[in-house]
Amino acid sequence: MQAIHLKPGREKSLLRRHPWVFSGAVDRVQGEPASGGTTDVFSSDGRWLARAAYSPRSQIRARVWTWTRETAIDAGFFRRRIRDALATRPEILTGEGVARRLVHGEADGLPGVVADCYAGIAVLQLTSAGAEHWRDTIVDALASVIGCTQVYERSDVEIRTLEGLAARSGALRGDVPAAPVEINENGVRYLVDVVSGQKTGFYLDQRENRARIRGLAQDRDVMNGFCYTGGFTLAALAGGARSVLSVDSSGPALSIGRQCAALNGFEDDRAAWLESDVFQTLRTLRDQGRRFGLIVLDPPKFAPTAAHAEKASRAYKDINLWALRLLEPNGLLATFSCSGGVGADLFQKIVAGATQDAGVDAQVVERFHAAADHPVVLSFPEGEYLKGLLLRRI
Ligand code: SAH
């Protein structure tokens with residue numbers, strides 16, 4: 001039998017159903033669980049707590065699959081969990097060109113497993129030893145539950161090294177998608193490069209926020225900082241923006257953005273695309289005396305963990321400060337942070353500091369979160385990484 005026995009008192013977080021067992025909580029390991037193999041977890045007084053995946057190299061020594069002793073971890077388990085995930089996103093099977101996150105890791109009871117669906121093509125990202133161990137089973141379950149013929153893997157992320165896993169990507173079922181996949185989001189056509197784009201190809205978590213920006217863009221001059229492939233840009237153009245300036249440091253991402261604008265028939269003269277550093281560009285725009293009615297800032301994760309929070313705070317403050325100065329009176333700033341290491345309260349404090357240093361007053365009009373297909377379970381608050389504020393300059 002494979003088992004982890006915890007130190008006295010270290011069962012508390014598991015009793016609250018937090019799904020991670022940290023190495024420091026482990027008193028002893030019974031048997032020799034393989035990397036990713038299944039192990040039971042017991043409290044120091046011998047109480048059964050959970051069944052988990054063992055990860056010998058990681059600080060997160062085990063991730064819980066189930067809190068129910070009778071539940072075996074086998075092919076049926078993965079099929080059920082993926083079926084449950086699909087039940088809350090049924091539009092994946094019915095809509096034309098629909099793009100949704102089908103499995104969102106811990107929040108869907110599958111730690112280390114992310115599966116995104118883009119117009120019938122599934123893109124899988126496995127980031128834990130447990131997910132890696134069950135790779136073939138998970139692929140079979142995914143393909144059978146959603147009935148798709150193409151599954152592509154994008155497990156080429158840095159965090160895998162923490163689990164002692166090498167990067168992997170490639171076709172798992174069917175062919176490698178030959179060209180960017182076309183999806184339809186709220187009536188806007190987007191192109192998604194699932195093979196070499198960022199994440200699994202697209203920032204699905206911002207879908208509902210893009211719809212909101214669309215509703216705010218009418219007749220405004222918009223600046224979209226960190227635009228990637230133009231997610232917010234296309235939404236703003238669809239919403240009747242007068243002009244949109246999109247800035248990103250990635251040439252390939254901008255090139256897809258331009259193609260998307262053409263695909264949707266948006267006039268060239270409304271959209272400008274700039275390959276540049278946003279920190280620098282904000283200052284240049286200020287020097288040029290430019291003004292905007294709506295600015296979107298959706299930077300990359302400046303703080304993956306709380307240890308990076310201080311440096312990240314300076315970066316967030318800097319971009320927000322300069323963006324606020326570029327706003328017309330009554331102009332709007334939609335500002336985001338996807339840093340796990342910067343919580344919503346801290347983010348709001350940083351932005352408040354930016355308004356003070358910019359010498360402007362601003363109201364919080366709305367708050368943004370990740371879209372509903374990226375759920376948060378209350379017992380795992382770490383899962384709530386994306387936060388944003390809609391500010392109005394007064
Ligand atoms: N809002 C986008 C996603 C943004 S992801 C959407 O809805 O799809 C963050 C982007 O920031 C990436 O495309 C990355 O290339 C870009 N980036 C990172 N650092 C940058 C910098 N200093 N200047 C400009 N772009 C940067």
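One-based numbering, in listed order, for ligands and for the atoms of each. Keep in mind that this is a model prediction, so the values were computed, not measured.
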Are any side-chain N or O atoms of Asn264 and backbone N or O atoms of Cys260, one a donor and one an acceptor, separated by less than 3.5 Å?
yes
Protein neighbours of ligand 1 with a heavy atom under 4.0 Å, given by chain and number, are Gln198, Tyr203, Arg210, Phe226, Cys227, Tyr228, Gly231, Phe232, Asp248, Ser249, Ser250, Ser276, Asp277, Val278, Phe279, Asp298, Pro300
Can you list everything that forms a side-chain hydrogen bond (donor to acceptor under 3.5 Å, both in side chains) with Arg135? Sequence neighbours excluded, please.
Glu132, Glu153
Under 3.5 Å, is there a donor-acceptor pair linking the side chains of Ser55 and Glu163?
yes
If you take the centroid of each ring, where Trp contributes its six-membered ring, are Phe232 and Phe336 closer together than 6.0 Å?
yes
Donor-acceptor pair between Gln125 and Arg154 side chains, under 3.5 angstrom
no
Could you verify whether a donor N or O on one side chain and an acceptor N or O on the other, from Ser243 and Asp221, lie under 3.5 Å apart?
yes
